[in-house]
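Here the structure is laid out as structure tokens; the discussion comes afterwards.
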Amino acid sequence: MKGLGRPFYARDALEVAPLLLGRTLVSESEEGAVTGRIVEVEAYCGPVDPASHAYRGPTKRNAVMFGPPGHLYVYFTYGMHYCANVVCESVGSPGAVLLRAVEPLSGLDLMGERREVDPASLRLLARGPARLTQAFGIDRSLDGSDLVGGPVWIGGRQVLRGDVVAGPRIGITKAASEPWRFYEVGPWASPRRLPVPGRPAARIVDEVNH
DNA sequence: ATTAAGATTGGCT
DNA sequence: GCCAATCTTAATA
């Protein structure tokens with residue numbers, strides 16, 4: 001089987017999120033293949049999370065979140081950007097993990113072409129959730145795409161090159177202090193708004209760090 | 001029917 | 001650090 005199997009995704013978003021770090025995100029299309037190592041994610045915890053798109057129940061946009069795990073939930077925002085989530089948990093339980101940044105591994109030229117930046121500027125390729133989707137060719141046509149057997153999937157090998165920590169999520173106004181952003185310390189995670197005083201300090205995620 | 005906000009980014013001061 | 005861009009979605013009337 002290519003990449004992680006369905007059971008991997010069939011548990012709480014908060015459990016899946018840190019386990020995605022260090023794994024390889026793959027996207028294949030007619031244009032070619034690109035891959036990157038996941039270094040930053042955020043968990044969105046459905047009905048108990050006011051920041052989740054699923055908080056107020058199913059809508060046309062978030063329908064995929066309420067479906068089976070192991071699929072992509074892709075939404076459009078700010079009139080110009082796409083963001084991609086990994087759907088977790090079981091049918092009717094809308095947990096999801098937002099992919100926020102990867103370390104580019106292969107297909108750099110294609111990423112640069114899609115992003116309209118110099119492929120040598122590695123940190124401009126896929127650091128940030130909307131940059132990531134652009135570099136990987138992910139838009140609303142991939143909403144609901146199956147991560148098991150589809151054109152986008154996640155490899156089973158986990159390679160960590162720094163400590164994994166948790167901190168507040170970025171760019172939200174509700175439940176802003178929940179430490180549900182997980183990232184690898186290093187040059188690849190997005191630099192914006194690191195945890196500030198008054199918010200929970202980042203903590204080591206033991207299960208992933210060992 | 002109308003409206004306000006948005007899981008962002010890039011450019012400018 | 002501040003702010004405009006840009007338009008879909010979902011809530012409100």
Side-chain angles (χ1 to χ4, degrees), chain A residues 9 12-14 16-18 20-21 25 36 38-67 71-89 94-102 104 111-145 152 165-183 187-200 202:
Chain A
Y9 303 104
D12 284 358
L14 274 175
V16 172
L20 288 175
L21 295 174
L25 178 67
I38 299 169
V39 293
E40 181 185 1
V41 297
E42 285 176 357
Y44 285 85
C45 304
V48 301
D49 180 4
S52 169
H53 288 170
Y55 183 57
R56 293 168 195 250
T59 64
K60 185 173 183 181
R61 175 176 67 168
N62 68 19
V64 170
M65 291 181 78
F66 289 83
H71 293 252
L72 281 180
Y73 163 52
V74 183
Y75 67 91
F76 182 67
T77 192
Y78 287 106
M80 59 189 95
H81 299 303
Y82 297 99
C83 292
N85 295 255
V86 171
V87 174
C88 304
E89 305 177 17
V97 178
L98 172 69
L99 300 173
R100 287 198 57 93
V102 304
M111 290 191 205
E113 207 173 295
R114 287 168 169 163
R115 292 268 305 115
E116 299 187 337
V117 299
D118 183 349
S121 305
L122 293 179
R123 270 164 292 203
L124 289 180
L125 292 178
R127 186 178 67 167
R131 290 167 169 173
L132 185 156
T133 55
Q134 194 178 18
F136 278 68
I138 296 172
D139 62 21
R140 272 234 103 193
S141 70
L142 285 175
D143 183 48
S145 175
V152 177
V165 298
R169 293 174 294 180
I170 292 177
I172 57 174
T173 57
K174 299 165 227 161
S177 63
E178 299 287 0
W180 293 343
R181 170 179 178 243
F182 303 86
Y183 59 101
W188 302 112
S190 63
R192 296 183 183 205
R193 257 185 273 184
L194 297 171
V196 297
R199 293 177 152 184

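Predicted model, so just to flag it, every value in this text is computed and none were measured. Side chains included, hydrogens not; waters and symmetry mates left out as well; all remaining heavy atoms used. In what follows, chains are A, B, ... by sequence order, proteins preceding strands, each numbered from 1.
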Check: Is any side-chain N or O of A/Arg140 closer than 4.0 Å to OP1 or OP2 of C/dT9?
Finding: yes

Notebook entry, point to check: Would you say a side-chain N or O of A/Arg115 is under 4.0 Å from OP1 or OP2 of B/dT9?
Noted result: no

Next item on the list: Could you tell me whether a side-chain N or O of A/Asn62 sits under 3.5 Å from a main-chain N or O of A/Thr59, the two making a donor and an acceptor?
Entry: yes

Next item on the list: Determine: side-chain N/O of A/His53 to OP1/OP2 of B/dA7, distance under 4.0 Å, yes or no.
Entry: yes

Notebook entry, point to check: If only side-chain N and O atoms of A/Arg61 are considered, is one of them under 4.0 Å from the OP1 or OP2 phosphate oxygen of C/dA10?
Noted result: yes

Notebook entry, point to check: Across all strands, who's sitting opposite C/dT6 as a Watson-Crick or G-U wobble pair, both distances under 3.5 Å?
Noted result: none

Check: Hey, does the side chain of A/Arg131 come within less than 4.0 Å of B/dG10's phosphate (OP1/OP2), counting only N and O?
Finding: yes

Margin query: Side chains of A/Tyr73 and A/His53 only: does a donor on one sit below 3.5 Å from an acceptor on the other?
Written below: yes

Check: Out of B/dA7, C/dT8, C/dA10, which nucleotide sits closest to the side chain of A/Tyr44?
Finding: B/dA7

Margin query: Applying the Watson-Crick and G-U wobble criteria at under 3.5 Å, what pairs with B/dA7? Answer none if nothing qualifies.
Written below: none

Check: To the side chain of A/Met80, which of B/dA7, C/dA5, B/dT8 is closest?
Finding: C/dA5

Check: Can you find a side chain N or O atom of A/Thr59 that sits less than 4.0 Å from OP1 or OP2 on C/dA10?
Finding: yes

Next item on the list: Respond yes when some side-chain nitrogen or oxygen of A/Thr173 is under 4.0 Å from OP1 or OP2 of B/dG6, and no when none is.
Entry: yes

